[in-house]
Engineer: 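Before anything else, here's the structure in question.
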Amino acid sequence: MRTPAAQAGVTGLQAGSSMARSPIMSRYNFRESEAKWQRIWREQRLFEVAAEPGRPKYYVLEMYPYPSGKLHVGHVRNYTIGDLVARYRRAQGFNVLHPMGWDAFGLPAENAAMAENIHPAIWTHENIKTMRAQLERMGFGYDWSREIATCHPDFYRHQQKIFLDFLAAGLAFRTESWVNWDPVENTVLANEQVIDGRGWRSGATVEKRLLAQWALRITAFTEELLDAIGQLERWPERVRLMQENWIGRSEGARVCFAVAGTDERIEVFTTRQDTLFGASFLALSPNHPLSLRLAEKDPGVSAFIAECNRMGTSEAVIETAEKRGYPTGLEAVHPFDESRHVLVYVANFVLMEYGTGAIFGCPAHDQRDLEFARKYRLPVIPVVLPPGEDPATFTIGDIAYVDDGMLINSAFLDGLSVAEAKRAAGERLEKLGLGERTTVYRLRDWGVSRQRYWGCPIPVIYCSACGIVPVPEKDLPVILPADVSFDVPGNPLDHHPTWKHVPCPVCGGPAQRETDTLDTFFDSSWYFLRFCSARAPVAFEREAVDYWMPVDQYIGGIEHAVLHLLYSRFFTRALKQCGYLNLDEPFAGLFTQGMVYHETYQSENGEWLFPEEVVTGEGGRLVDLAGRPVTAGRHEKMSKSKKNVVGLDVIVDMYGADTARLYLLSDSPPERDLEWTETGIEGIWRYVNRLWRMVSEPPVALAAPGTPIPAALPPAVEGTRRATHKTIAAVTDDLDKFRFNRAVARIRELTNTLEELPSSEPGAAEVLREGLETLTRLLGPMMPHLAEEMWQMLGGEGLLADQPWPVADPQLTRDEQVTIAIQVNGKLRGTLEIPRDLDNLAVEEAALALPHVLRWLEGQPPRKVIVVPNRVVNIVA
RNA sequence: GCGGACGUGGCGAAAAGGUAGACGCAGCAGACUUAAAAUCUGCUCCGGGAUACCGGGUGCGGGUUCGAGUCCCGCCGUCCGCACCA
């Protein structure tokens with residue numbers, strides 16, 4: 001209980017202009033406190049660590065940010081979770097590596113260069129400066145001595161060496177791949193720059209173009225990457241599933257169709273060789289070699305292919321586009337029946353990158369084929385009979401039948417199940433020499449060339465005499481030129497007057513540098529290794545990596561579930577093959593946090609408004625600052641375009657870092673999306689002050705630090721002490737399982753309990769001290785500044801950050817009395833207080849004696865009684 | 001289109017197959033105050049009832065079970081990824 005005496009006579013500390021209204025109630029001065037503790041942590045180099053062989057380590061890493069400008073509150077959820085884990089493991093005695101860096105190359109810097117006429121390097125460095133200051137203000141315990149930026153030559157010189165080693169090992173190679181081409185800007189567009197088939201700036205219809213590019217042979221590790229997913233025990237199941245599906249192992253068969261009247265053969269890949277007798281057409285990818293040859297003679301085919309090439313390169317676009325085909329006039333001969341011919345189409349939905357770039361269509365048993373067949377009036381022959389259907393009457397309507405059944409209309413396959421028919425058809429194909437059973441994967445090699453300036457230069461030189469020549473190691477790094485112009489569309493490196501012209505390292509003749517740069521996923525595939533020895537003259541020191549790797553806890557957004565995480569897994573293996581390290585999996589534990597949402601606001605004329613431009617007017621209606629009406633819209637992921645962002649600085653100015661941190665941890669489970677609300681953050685701010693007052697103005701004089709707690713306590717005081725120890729156990733368990741919102745709820749429960757402690761009872765002073773010290777330690781990883789302040793006020797020694805994590809006394813976490821539920825026919829009819837582990841018969845007797853139970857039994861003996869020890873009794877009447 | 005997830009009060013949520021709604025936000029009533037803010041106390045899933053209590057209730061429809069928010073089958077809705085955004 002708070003007493004008026006405790007509130008009186010304390011001067012109001014100025015805690016933020018909007019908050020410091022009270023002359024009576026004291027407020028926590030977070031500004032002074034947060035700056036002070038941040039200074040002390042920095043001065044003591046608290047979070048700078050070195051490898052200590054023999055001491056257990058813990059590597060915590062949050063996915064490093066792209067320096068896009070200023071942070072909003074949505075950005076820091078990730079880092080708040082990471083800092084909690086880092087400080088928690090530190091308190092548990094681990095040598096914790098918790099570094100931070102910048103994913104500093106990328107497209108937005110070039111967009112800014114064009115839009116605002118600012119150099120990408122300057123834009124990036126200014127953003128880094130701003131964001132670093134913002135992270136420091138949040139009190140995150142990073143080892144800043146290991147800070148890296150991928151755009152720094154000290155980082156990318158090593159990356160260029162890695163590229164050359166990959167090249168030497170055959171893991172990097174030249175290939176051709178398709179890109180989105182903007183014919184007006186003369187530029188390659190990223191998928192996100194293609195909107196409804198048009199360039200986002202020019203509005204021109206985007207074309208597909210084939211370009212010679214560098215790629216990495218991730219497919220050399222396909223099976224390994226797939227098989228090892230099973231060992232990633234501390235990864236979310238959904239991420240493992242997504243990676244499995246991405247790699248996409250399919251067992252099936254290659255089947256050769258001869259083209260009637262020619263020597264031409266078309267090889268298709270199928271997983272449904274059992275349905276070959278239901279084939280009614282063949283479809284070729286528009287990029288299939290045969291399609292291209294046909295196009296040379298047939299203007300219709302040529303026009304159709306050109307039309308397909310006007311579609312973007314992204315799979316989502318291709319798969320959602322209307323399925324269309326163009327008849328080539330060719331007929332293919334059925335491999336099992338020479339008398340049967342099927343039409344050959346070129347079709348826009350067949351991908352050259354997958355299988356053989358050609359398919360056979362069996363409309364009866366594949367939905368997409370069925371729609372195609374209906375559209376072009378092709379036969380639909382059912383060959384798999386669903387159980388219980390009559391073969392004489394079974395027909396296919398609008399829905400293809402894709403499940404198991406018995407083969408019909410299929411000659412030697414008739415009567416078999418789908419699995420048996422797959423085997424039999426495969427064997428027959430092999431015997432006829434017309435095909436073979438095979439396994440294909442969806443995973444493609446990774447194209448790493450980007451026709452852009454702001455990326456790591458690819459260290460190769462093209463010589464007309466010597467061909468592709470790697471830049472000699474002594475000439476690394478190949479440095480990006482600073483004097484570039486974005487006035488001309490296209491790649492500034494290519495336009496640069498001198499940069500690309502160099503003598504050939506082999507023959508000394510005139511040669512040209514590669515002007516493509518590396519995909520930024522290349523940077524992020526090894527940055528976590530660089531952190532282990534961030535200033536090393538090599539990419540990373542072997543001993544440092546041996547000590548610190550793998551990352552024990554990696555934390556980031558679910559949007560990286562496949563690409564970044566799969567590329568990093570591949571990279572680690574590729575580096576192992578090149579002798580860099582001895583490790584397969586870079587991330588032992590992975591956690592993917594949800595996004596942060598906020599309500600959107602629109603003015604009368606449909607313009608988006610920032611939350612701070614909206615106030616509640618008369619009658620609770622929303623208005624803008626000029627009093628004009630505002631419509632509140634959907635709650636969406638915070639984004640600049642919809643303006644539904646809450647700036648981090650605004651929140652930290654108004655409430656402090658700790659309040660923001662606790663809100664981000666407490667409101668929703670971390671894996672789920674979180675709704676940012678102004679009232680929610682105010683609630684946390686009130687709680688922060690409550691905690692501060694509990695320690696600065698305790699209701700009873702606390703016992704001196706270290707005073708032993710009396711063995712015998714009055715029941716109410718004993719109950720509080722038990723609550724303290726139960727909270728330690730529960731919070732520890734919750735933190736281990738990433739249930740931060742629950743942990744916060746437990747801590748708040750303990751706060752409530754401590755406030756209700758009867759202060760006049762014997763032992764209260766000692767139990768309250770234990771409770772408050774515990775509370776402080778448990779809060780440490782969440783609200784580190786406030787916790788230090790509380791620790792100091794409690795007279796604790798040294799820094800709270802150096803204190804060990806509390807341990808619960810098992811004697812005090814077990815209750816001797818339990819409350820169990822009494823049900824009749826599964827419905828709750830009462831509860832019963834019984835001693836723990838009372839034997840079932842006694843429990844049953846007590847339950848049956850309850851007046852309520854007797855009423856519901858109406859004098860009849862129960863038919864059955866189920867007793868679940870210490871939980872429930874269910875009486876079946 | 002393919003792949004993945006999610007759905008519980010006015011809101012964020014909690015519940016090893018065992019008392020649905022802990023903890024918090026918002027709201028209502030009260031205390032303190034000239035007043036407000038801050039703080040404190042109480043109430044708050046829906047319907048009936050003065051209370052006791054009774055009935056209903058976890059997106060929708062089925063099923064398994066002594067017992068289902070939780071497990072199974074089928075729908076509906078929302079969100080995320082799809083290889084050049086990071």
Engineer: Think Asn825(A) has a side-chain N or O under 4.0 angstrom from the OP1 or OP2 of rC66(B)?
Structural biologist: no

Engineer: Within the pair Trp856(A) and rC54(B), is there a side-chain N or O less than 4.0 Å away from OP1 or OP2?
Structural biologist: yes

Engineer: Does rG24(B) have OP1 or OP2 sitting under 4.0 Å from an N or O in the side chain of Asn752(A)?
Structural biologist: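 Asn752(A) to rG24(B) OP1/OP2: side-chain N or O found under 4.0 Å.
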
Engineer: Side chain of Gln367(A), base of rG1(B): donor and acceptor closer than 3.5 Å?
Structural biologist: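 Answer is no: no donor-acceptor pair is held.
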
Engineer: Would you classify Thr679(A) as touching base, sugar-phosphate or nothing, given that sugar-phosphate means primed atoms plus P, OP1 and OP2, and contacts are heavy atoms under 4.0 Å?
Structural biologist: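 Contact class for Thr679(A): sugar-phosphate only.
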
Engineer: Is Gln823(A) touching bases, backbone alone, or none of the nucleic acid, heavy atoms closer than 4.0 Å?
Structural biologist: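 Base contact - Gln823(A) has a heavy atom under 4.0 Å of at least one base atom.
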
Engineer: Can you find an N or O donor on one side and an acceptor on the other, under 3.5 Å apart, linking the side chain of Arg452(A) with the base of rC84(B)?
Structural biologist: yes

Engineer: Select base, sugar-phosphate, or nothing to describe what Gln213(A) touches, counting heavy atoms under 4.0 Å on all strands.
Structural biologist: base

Engineer: Hey, does Gln193(A) reach any base, or is it just sugar-phosphate, or nothing, if we go heavy atoms under 4.0 Å?
Structural biologist: nothing

Engineer: Is Arg686(A) near enough to rC25(B) that one of its side-chain N or O atoms lies under 4.0 angstrom from OP1 or OP2?
Structural biologist: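 Answer yes for this pair, as a side-chain N or O of Arg686(A) is under 4.0 Å from OP1 or OP2.
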
Engineer: Which part of the nucleic acid, if any, lies within contact of Ile866(A), taking any heavy atom under 4.0 Å across all strands shown: a base, the sugar-phosphate backbone alone, or nothing?
Structural biologist: base

Engineer: How would nucleotides 73-83 of chain B be written as a contact map, 5' to 3', with B for base contact, S for sugar-phosphate-only contact and - for no contact, using protein heavy atoms under 4.0 Å?
Structural biologist: -----SSSSBB

Engineer: Could you check if a side-chain atom of Glu559(A) sits within less than 4.5 angstrom of a side-chain atom of His564(A), using non-hydrogen atoms only?
Structural biologist: no

